[in-house]
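Below, all heavy atoms of this structure are taken into account, side chains as well, without hydrogens, waters or symmetry copies.
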Protein chains: 2
Amino acid sequence: MKEREISDKEIINYLQDTLYVINGKWKLPVLMAIKRGSTRFREIQRYVPPITSRVLSSELKLLEQNKLVTRKVYDEIPVLVEYTLTTYSETLFPIIELMVYWGKDHRKVIAGK
Amino acid sequence: MKEREISDKEIINYLQDTLYVINGKWKLPVLMAIKRGSTRFREIQRYVPPITSRVLSSELKLLEQNKLVTRKVYDEIPVLVEYTLTTYSETLFPIIELMVYWGKDHRKVIAGK
DNA sequence: CAGCATCCCGAAAGATACTG
DNA sequence: CAGTATCTTTCGGGATGCTG
């Protein structure tokens, strides 16, 4: 069965929706940090320097709202909080990985001008 | 021959480099506009509403600096300017296309919460 | 440890008007 | 047509200190 064509307007809208979700310097690096094994707040903060706690906190909330990250609180003392990726977030990683490689190559392109 | 592993730090750096190039609401939509056939300044502006001429102008300059767009001036009256994609920009479109489709699906994910 | 509260700033982006 | 000039507003993000 054939998909309906996507119109110009829709393309722009979908693209901007995605850009809105990932916008800023931090959201994708934070996702990457979690993927690479940093589940605790301070771990993530160390992985993605020099993000401040205030900014990290707000980024994590937005990622949660977009169903990319799950926040789990363990009621211990001191309190233990774990951030994990949702399975849905896996749909984003092909894009992120392409971006990593693109950034790697782009550095050469701009340097060798 | 095996590629050297990319370290955590490098991943973050490359990723942030890419994010820096495409940052903001407009650069990728502008590239898409050109790809879809809008080569003139006003055409692009109409394709990507509601971008102001001031913003579009600065975005195009940044895209030029990153070798993604070429600006060509034809010395006619009135002056004719054409923006075209560089071949290098083709390396970015796999990412952009994934983002379009991701945005399309994401809308459903968030709506159906 | 995992944040929140405040204060603050520069850059991104919008509004409007104007030029070669 | 293809922008530039000015002015203003918004907002992402930094600095610092504090709390359960």
Whole angstrom is fine here: how far is it from [atom1] in [X] over to [atom2] in [N]?
X: B/Ile77; N: D/dG3; atom1: CD1; atom2: P; result: 16 Å
X: A/Leu56; N: D/dG12; atom1: CG; atom2: C1'; result: 15 Å
X: A/Glu64; N: C/dG3; atom1: CD; atom2: C1'; result: 13 Å
X: A/Glu76; N: C/dG3; atom1: CD; atom2: P; result: 14 Å
X: A/Leu60; N: C/dG3; atom1: CG; atom2: C1'; result: 10 Å
X: B/Ile34; N: D/dA2; atom1: CD1; atom2: P; result: 12 Å
X: A/Asp75; N: D/dG20; atom1: CG; atom2: P; result: 16 Å
X: A/Ile44; N: C/dC1; atom1: CD1; atom2: P; result: 14 Å

Quiz item: Base, backbone or nothing for each nucleotide of nucleotides 12-20 of chain C, written B, S, -, heavy atoms under 4.0 angstrom, 5' to 3'?
Solution: -BBB-----
Quiz prompt | Test: B/Lys35 and B/Glu90 ion pair at under 4.0 Å | solution = yes
Exercise. Inspect the contact between A/Glu59 and A/Lys25 and indicate whether a charged nitrogen and a carboxylate oxygen are less than 4.0 angstrom apart.
Key: no
Practice problem: Taking the side chain as every heavy atom from C-beta outward, state whether A/Ile95 and B/Met99 have any pair of such atoms under 4.5 Å apart. | Solution: yes
Quiz item: Any side-chain heavy atom of A/Lys72 within less than 4.5 Å of one from A/Thr84?
Solution: no
Short side-chain N/O contact from [X] to OP1 or OP2 of [N], under 4.0 Å:
X: A/Arg46; N: C/dA2; answer: no
X: B/Arg40; N: D/dC1; answer: no
X: A/Ser57; N: C/dA2; answer: no

Quiz prompt | Pair B/His106-A/Tyr88, ring pair (Phe, Tyr, Trp, His ring centres under 6.0 Å): steps then yes or no | solution = CA-CA 10 Å; B/His106 187 62; A/Tyr88 173 54; 5.7 Å; yes
Quiz prompt | Rounded distance (nearest 0.5 Å) linking atom CG of A/Asn66 with atom CD1 of B/Ile110 | solution = 5.0 Å
Quiz item: So with a 6.0 Å cut-off around OH of A/Tyr20, is the heavy-atom count from everything else above 12?
Solution: no
Quiz item: Heavy atoms under 4.0 Å, any strand shown: does A/Tyr83 hit a base, just sugar-phosphate, or nothing?
Solution: sugar-phosphate
Quiz item: Quick one: does A/Arg42 reach the base of C/dG3 with a side-chain donor-acceptor pair under 3.5 Å?
Solution: yes
